[in-house]
Amino acid sequence: MREMKDSGVPWIGEIPIGWKLLRNKNAFLCSKEIVGNKSAKTQLLSLTTKGIKKKGPDVIGGKVPESFDTYQTVLKGQLVMCLFDLDCSAVFSGLSPFDGMISPAYKVVDCKDEMTPSFASYWFSSVFDGRKFMHYSKNLRYTLTYDEFAVLPIAIPPLSEQNQISTFLDAKCAEINTILEKTKASIEEYKKLEQSVITESVTKGIRGNRPMKDSGVEWIGDIPMEWSVSQVKHQFELKTGTTPVGYDGTPSGRQLDWFTPSDILTEGCILDVAERKLNQSVILDSGIRLFPKGSILLVGIGATAGKVGYLQIEGYSNQQITALIPKTCFGKYYYYYFVKDRQRLLDNALFTTLPIINNSYLSSVLIVNPPISEQQEIAAYLDEKCAAIDSLIASKEALIAELEAYKKSLIYEYVTGKNEVLVQEGGVS
């Protein structure tokens, strides 16, 4: 155990006696060199959650300026800082492994003599965890000016120790990241398996070999002889959600405990929503449209377009969701599973800046109709199979959460000196 001292900064805590507590201005120097007419020959860079990446000027995504001449130069080894939207931004900083140019909205900083870029990168990674700089901002967008950033504290060990810490964290984080990548890949494989099981079951049935016929739909292929194919509009009435009168989009404006795409639709097989008490007078006054129990709910626009849920109680939503309300009795979850093949819906959906599954398109989508008794068999079978696969996915997701939390804790413990890198012959440990 080495001797520690109070840093005087609650979120930093104690630091080793030999470390300094400085201001960012003592460790970094901000520069802004506009690329100008060199932009056509300069590599475009992007600050991402996985670091600074090369980006083609014609890559779709984000706002694309008329000219990149106003962008700023970034050199290998410089840090790029995102000092705006500290409450919600997906990334705070990145160490550039490339020379290039990046948006002038960011701050580009060089490390002074007392700071190494790799240690600084880990330090700011720890700062971003818990958004520790957010409470220093004084405006609605949670933005720091560079002058405000410059006076914030940073704990600095001797240069030799910075290098030891960086080398140690490089190795440890690489190990963790490898496990994370393999675990995430296995989750995607389980999801593919689940979708394969669903597709096979809702288009071929689960009764083994039987007489088949051509469905007339390329992706569906052959179906059992006694099954039929029809358009969605023949089996369901389509209704779009509504926004309550007077709703202003803020928590204080939420007069109703109403459903939205984010909280009504889950990635699990069956939507399980706790019953909510619906005040009928408020509902009438607000002009919202209720969906009956048993409706299949589908997000129609945005990044989650095609996401599906099954409404187990009477409910309502905003207009991003369309309800498929059954016209006749059918096996409880069969059509939920059929519609759950999200990619089939998106293949022919409209695309502007966001994918759109409008009711006109949705009403013409072809679906397969087994007899009701077989619908129930298939739904029960898929309930069991999907629950087993989802359980495996959940355990993998829990492992990812544990590993990510461990990595964050590991970085914090070492960049603040709570743990010491032990130097051994042949390396660090």
Side-chain angles (χ1 to χ4, degrees), residues 194 198 201-202 228 230-245 247 254-302 304-342 344-345 357-359 362-363 365 367-387 390:
E194 181 177 62
I198 292 173
S201 300
V202 300
S228 65
S230 68
Q231 293 180 318
V232 164
K233 63 184 177 183
H234 298 306
Q235 301 292 335
F236 298 92
E237 179 184 2
L238 304 183
K239 287 187 177 180
T240 304
T242 52
T243 298
V245 174
Y247 176 74
R254 293 183 75 155
Q255 301 298 321
L256 296 164
D257 184 17
W258 66 307
F259 298 134
T260 66
S262 61
D263 64 10
I264 191 169
L265 299 178
T266 68
E267 292 293 349
C269 282
I270 302 302
L271 174 66
D272 184 14
V273 182
E275 185 170 357
R276 305 183 184 191
K277 293 181 180 179
L278 305 180
N279 186 317
Q280 295 297 323
S281 63
V282 173
I283 288 172
L284 291 173
D285 291 342
S286 300
I288 63 173
R289 179 183 293 129
L290 285 175
F291 300 142
K293 175 182 178 180
S295 299
I296 296 171
L297 303 182
L298 175 74
V299 180
I301 186 171
T304 57
K307 197 174 180 183
V308 179
Y310 182 93
L311 191 57
Q312 304 216 52
I313 60 171
E314 187 178 48
Y316 45 98
S317 76
N318 67 10
Q319 53 266 66
Q320 286 183 290
I321 286 181
T322 293
L324 286 74
I325 302 170
K327 292 182 177 180
T328 59
C329 178
F330 61 81
K332 192 174 182 183
Y333 297 135
Y334 169 79
Y335 287 107
Y336 159 78
Y337 283 116
F338 192 94
V339 178
K340 196 172 185 285
D341 191 351
R342 178 184 180 193
R344 301 297 181 188
L345 292 173
I357 303 174
N358 61 30
N359 287 4
L362 183 58
S363 67
V365 169
I367 55 176
V368 176
N369 309 297
I372 290 179
S373 61
E374 196 167 355
Q375 290 180 28
Q376 293 169 337
E377 287 179 17
I378 293 169
Y381 171 81
L382 289 176
D383 284 352
E384 181 180 351
K385 290 294 183 181
C386 290
D390 288 341

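Keep in mind that what you see is a predicted model, and the values were worked out from it rather than measured. As a basis for the values below, the full set of heavy atoms in this structure was taken, side chains included, without hydrogen atoms, waters or symmetry mates.
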Practice task
Go through the structure and list residues passing side-chain contact (heavy atoms from CB on, under 4.5 Å) with E377, not counting sequence neighbours.
Solution key: I206, R207, E374
Handout entry: Y337 and Y333 aromatic ring geometry - parallel, tilted or perpendicular at 30°/60° bounds
Key = perpendicular
Practice task
Working to the nearest 0.5 Å, report the span between NZ of K233 and CD1 of I367.
Solution key: 12.0 Å
Fill in the blank from the handout: Rounding to 0.5 Å, atoms NE2 (H234) and NZ (K327) come to a distance of 8.0 Å
Handout entry: Residue pair S363 / Q231: nearest heavy atoms and the distance that separates them
Key = O-CB, 3.5 Å
Problem - Residue pair Q375 / P370: nearest heavy atoms and the distance that separates them - result: NE2-O, 2.8 Å
Practice task
Evaluate the side-chain proximity of S201 to Y381: yes if any heavy-atom separation is below 4.5 Å, no if none is.
Solution key: yes
Problem - Pairwise side-chain contact, L324 with Y335, heavy-atom cut-off 4.5 Å (strictly under) - result: no
Exercise for the section: With the side chain counted from C-beta on, respond yes when Y334 and Q376 share a heavy-atom pair under 4.5 Å apart, and no when they do not. Expected result: no
Completion exercise
Between the CD atom in E237 and the CG atom in N359, the distance rounded to the nearest 0.5 Å is 10.5 Å
Practice task
State the CD1-CD1 distance between I198 and I378, to the nearest 0.5 angstrom.
Solution key: 12.0 Å
Problem - Side-chain touch N369/Q235, heavy atoms, less than 4.5 angstrom - result: yes
Exercise for the section: Would you indicate whether the side-chain heavy atoms of V368 and V202 approach each other to under 4.5 Å? Expected result: no
Handout entry: Side chain proximity check, T240 to I321, heavy atoms < 4.5 angstrom
Key = no
Exercise for the section: Please examine the side chains of L297 and S295, heavy atoms only from C-beta on, and report whether any two atoms are closer than 4.5 Å. Expected result: yes
Handout entry: Within-4.5 Å side-chain heavy-atom neighbours: I357 and T322
Key = no
